[in-house]
There are 2 protein chains.
Amino acid sequence: MNIGEIAKRAGVSRSTVSYALSAKRPVSEDTRRKIQRVVDELGYQPNASARALANGRTNTIGLVFPPAGNHYTGMQLDFIGSVTEAAAAYDYDVLLSPSGMDSDRSFQRLLGERRVDGAILMEIRLEDDRLDHLTAVGFPSVAIGRTAHPEGSWWVGLDHTALAAACVHHLADLGHRRIAFVNRPGQLLRAGYESAHRGLEGFTKAAAERGLTVRTYCSGDDAASGLACLERILHEDPATTALVTLNEAALGGIYRGLAQAGRHVPRDFSVTGVVASRWAETVTPQLTAADVPAEEMGRLAVELLVKRLDHPDTPARYHLLAPPISLRASTAPAGITPADPAPDPGAPTNP
Amino acid sequence: MNIGEIAKRAGVSRSTVSYALSAKRPVSEDTRRKIQRVVDELGYQPNASARALANGRTNTIGLVFPPAGNHYTGMQLDFIGSVTEAAAAYDYDVLLSPSGMDSDRSFQRLLGERRVDGAILMEIRLEDDRLDHLTAVGFPSVAIGRTAHPEGSWWVGLDHTALAAACVHHLADLGHRRIAFVNRPGQLLRAGYESAHRGLEGFTKAAAERGLTVRTYCSGDDAASGLACLERILHEDPATTALVTLNEAALGGIYRGLAQAGRHVPRDFSVTGVVASRWAETVTPQLTAADVPAEEMGRLAVELLVKRLDHPDTPARYHLLAPPISLRASTAPAGITPADPAPDPGAPTNP
DNA sequence: TGTGATGATCGAACCGGTTCGAGTAAGGAA
DNA sequence: TTCCTTACTCGAACCGGTTCGATCATCACA
């Protein structure tokens with residue numbers, strides 16, 4: 001069932017069918033109706049490949065999401081879901097590409113073979129060869145994340161520095177003096193992952209400002225690693241009374257470790273960090289945290305990309321988000337310890 | 001940079017370039033090398049749309065995942081990830097389609113516009129109009145899940161009936177007599193979702209066999225709903241000592257409800273069910289559960305689909321999986337109650 | 001030297017759309 | 001009646017590949 005078949009049955013030429021369906025040139029009401037009836041009868045839909053070949057657009061966007069370690073985090077799921085739905089609203093399909101690097105086979109296919117009109121990249125690194133490559137060849141893309149030099153490129157990101165700092169200030173305000181930081185896996189930090197770097201930086205700087213004693217750790221993206229990490233924390237400094245984490249997958253293990261160590265959250269130990277709200281609300285006690293607005297970020301990324309595709313010469317745009325800390329149930333004023341009487345924490349922690 | 005450009009620079013015809021690259025006809029070693037050098041120099045990659053148009057295959061598979069309620073569960077993420085990676089291994093890309101019904105716009109695009117060679121469907125219903133449609137038009141597809149009449153179609157599924165029954169037997173063996181069942185959301189059950197129906201059926205039947213007193217519930221796919229559901233359970237039958245759940249997203253809320261009610265898991269209350277192992281290991285105490293082998297299922301689905309695409313006339317194949325229950329820490333023998341001294345649980349449930 | 005087989009290459013057609021320039025018919029004005 | 005618009009429709013070319021049939025040169029053999 002191709003356009004020629006429709007044309008034949010409607011007794012017109014192929015081009016007339018094309019114009020009748022696209023309305024790019026006027027077609028008489030009579031023939032339009034005739035064509036439409038044949039189209040409806042046969043359930044004709046134009047072939048996407050042919051259309052893409054002819055007008056140079058696939059109406060597809062690529063979603064590049066490297067497998068961080070061996071599995072995916074809940075946040076990635078939220079991005080995938082929201083990007084897909086937002087794209088559908090603009091009549092774009094989403095092609096997944098599980099590629100980590102520039103040289104990746106799958107990545108090359110997306111670009112070189114022109115499978116997509118534009119791309120959204122996740123899990124950005126401070127120095128990201130994929131983005132460099134895309135910028136170099138002028139391929140329309142939007143990053144979910146921000147490189148070290150984001151000027152002139154399109155992205156939607158989270159202000160990890162500010163968020164981690166906000167967590168530190170929140171804990172410091174509550175009187176905590178010895179706190180730990182649980183980062184994403186060391187391998188990702190070394191690879192230069194933005195969230196891991198900026199989060200660590202924000203944490204360190206804010207802790208220094210407040211004169212806190214800190215230790216920083218990396219944990220694998222799973223519960224067992226989180227548990228092991230927490231055990232190290234308590235072993236290396238048993239006086240630690242709070243921690244900040246960026247690693248939502250490790251959270252379950254952290255909580256378990258605290259329970260096993262007999263530290264009650266939040267009475268004996270406060271936990272906070274930057275995680276998707278779904279997770280923060282799933283654990284018990286619910287996590288006081290900066291909620292990652294994954295849905296919004298996915299939607300914004302699609303909007304930026306669509307804008308960029310529709311107006312190729314628009315100057316670069318971006319969104320830097322810094323959601324507030326949602327007060328839930330995992331933080332409390334530091335207990336009175338011999339060395340460190342708790343200062344007045346001010347307003348009560350939780351509503 | 002198209003094939004004509006390559007041909008010109010190599011001083012040969014377009015067809016020779018095509019044959020040199022595809023090796024579908026012999027090409028002299030000399031010209032092959034000459035062409036290859038030009039290709040390498042220019043980084044030429046054939047246009048996917050043109051190729052798809054010419055040979056009728058897009059080398060893309062569609063992954064149809066209806067938004068279950070407003071957000072996605074962890075299991076869906078695992079499917080998406082494993083399908084994408086398995087597909088990449090066969091040189092297929094994955095196109096996402098967030099569509100629930102046959103009539104869906106996005107679904108129509110996948111099929112009618114020939115964007116994909118085949119499709120993998122998730123969240124199958126016992127009577128599934130999408131699958132009926134695909135079967136009717138002979139479109140190659142594989143379901144992750146099994147309809148009421150799976151004969152003659154391709155699928156990879158979980159034996160939810162057996163798994164739910166195994167959970168019941170596990171609890172019965174431990175001496176529990178009054179147990180509850182927490183299903184997926186009522187709206188999904190009513191819509192005929194396979195896992196919800198078969199799980200409920202297996203639970204009910206096994207409980208009847210063992211002469212247990214049961215109540216069955218539905219819970220929304222989030223922690224708050226799980227909490228509310230658990231409160232209902234304890235309110236409607238405070239003597240309940242255990243539950244089985246299919247709803248991994250509600251698990252956090254269930255645990256929280258139990259903690260709030262002062263029921264210690266597993267001492268006062270046992271919890272088990274069918275969830276992805278990642279979740280089972282994240283919660284504290286870790287969940288004794290039938291682990292959903294999401295990765296394996298995604299991989300198997302891709303393998304079946306690729307087989308079907310390569311050999312269009314192969315008779316239908318399927319995989320029905322029934323993973324064993326992994327004993328973790330959330331179940332224990334029922335406490336001694338006045339009405340019901342715990343019987344000897346006999347042999348341990350699992351090897 | 002002529003003949004047939006063999007291997008390498010080419011040109012043209014095709015996949016199914018879109019788009020441009022041109023042609024035709026109808027209607028209004030001169 | 002003639003001329004000019006205007007409105008609509010058509011044919012052909014093109015997008016960038018693949019593939020079929022034919023051509024041409026080379027070489028072995030009679």
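Naming: A, B, ... by sequence-line order, numbering from 1 per chain.
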Quiz item: Will you find, in the side chains of B/Asp40 and B/Gln36, an N or O donor that is under 3.5 Å from an N or O acceptor?
Solution: yes
Quiz item: Does B/Thr58 reach the main-chain N or O of B/Arg115 with its side chain, forming a donor-acceptor pair under 3.5 Å?
Solution: yes
Sort me out a list of protein N/O and nucleotides 12-16 of chain C N/O pairs below 3.5 Å, or just none if empty.
residue: C/dG16; atom: OP2; partner: A/Asn2; partner atom: ND2; Å: 3.3

Quiz item: Which one of A/Asn59, A/Thr60, A/Leu63 satisfies the side chain to side chain contact (heavy atoms under 4.5 Å, CB included) criterion with A/Val116?
Solution: A/Thr60
Exercise. Show your working on salt bridge (charged side-chain N to carboxylate O under 4.0 Å, His left out) between A/Asp104 and A/Arg130 and close with a plain yes or no.
Key: CA-CA 9 Å; A/Asp104 214 295; A/Arg130 302 169 303 168; over 6 Å; no
Self-check item: D/dC10 OP1/OP2 closer than 4.0 Å to side-chain N/O of A/Thr16
Solution: yes
Self-check item: Pair A/Arg9 + A/Glu5: basic N to acidic O under 4.0 Å
Solution: yes
Quiz item: Once the angle between the rings of B/Trp155 and B/Tyr318 is folded into 0 to 90°, is it parallel (under 30°), tilted (30 to 60°) or perpendicular (over 60°)?
Solution: parallel
Please write out the pairs of protein N or O atoms and N or O atoms of nucleotides 21-25 of chain C separated by less than 3.5 Å, giving the distance to one decimal.
residue: C/dG21; atom: N7; partner: A/Arg25; partner atom: NH2; Å: 3.2
residue: C/dG21; atom: O6; partner: A/Arg25; partner atom: NH1; Å: 2.4
residue: C/dG21; atom: O6; partner: A/Arg25; partner atom: NH2; Å: 3.3

Quiz item: Do A/Arg299 and A/Glu295 meet the salt-bridge criterion of a basic N to acidic O distance under 4.0 Å?
Solution: no
Exercise. Please determine if a side-chain N or O atom of A/Ser13 lies less than 4.0 Å away from the OP1 or OP2 oxygen of D/dC10.
Key: yes
Quiz item: Does a donor on one side chain sit under 3.5 Å from an acceptor on the other, for A/Ser15 and A/Ser18?
Solution: no
Quiz item: Between A/Asp30 (CG) and D/dT9 (C1'), how many Å, whole number?
Solution: 13 Å
Self-check item: Integer-rounded Å distance: D/dT9 P and A/Lys24 NZ
Solution: 18 Å
Practice problem: For B/Thr31, report the nucleic acid contact type (base, sugar-phosphate, nothing); a contact means any heavy atom under 4.0 Å. | Solution: sugar-phosphate
Practice problem: Determine whether the side chains of A/Ser49 and B/Ser49 contain a donor N or O and an acceptor N or O closer than 3.5 Å. | Solution: no
Quiz item: Using a cut-off of 4.0 Å on non-hydrogen atoms, how would the nucleic acid contact of A/Ser28 be classed: base, sugar-phosphate, or nothing?
Solution: sugar-phosphate
Quiz item: Between D/dC8 atom P and A/Ile35 atom CD1, what is the distance in whole Å?
Solution: 13 Å
Quiz item: Rounded to whole angstrom units, what separation is found between the CG atom of A/Leu21 and the C1' atom of C/dT19?
Solution: 15 Å
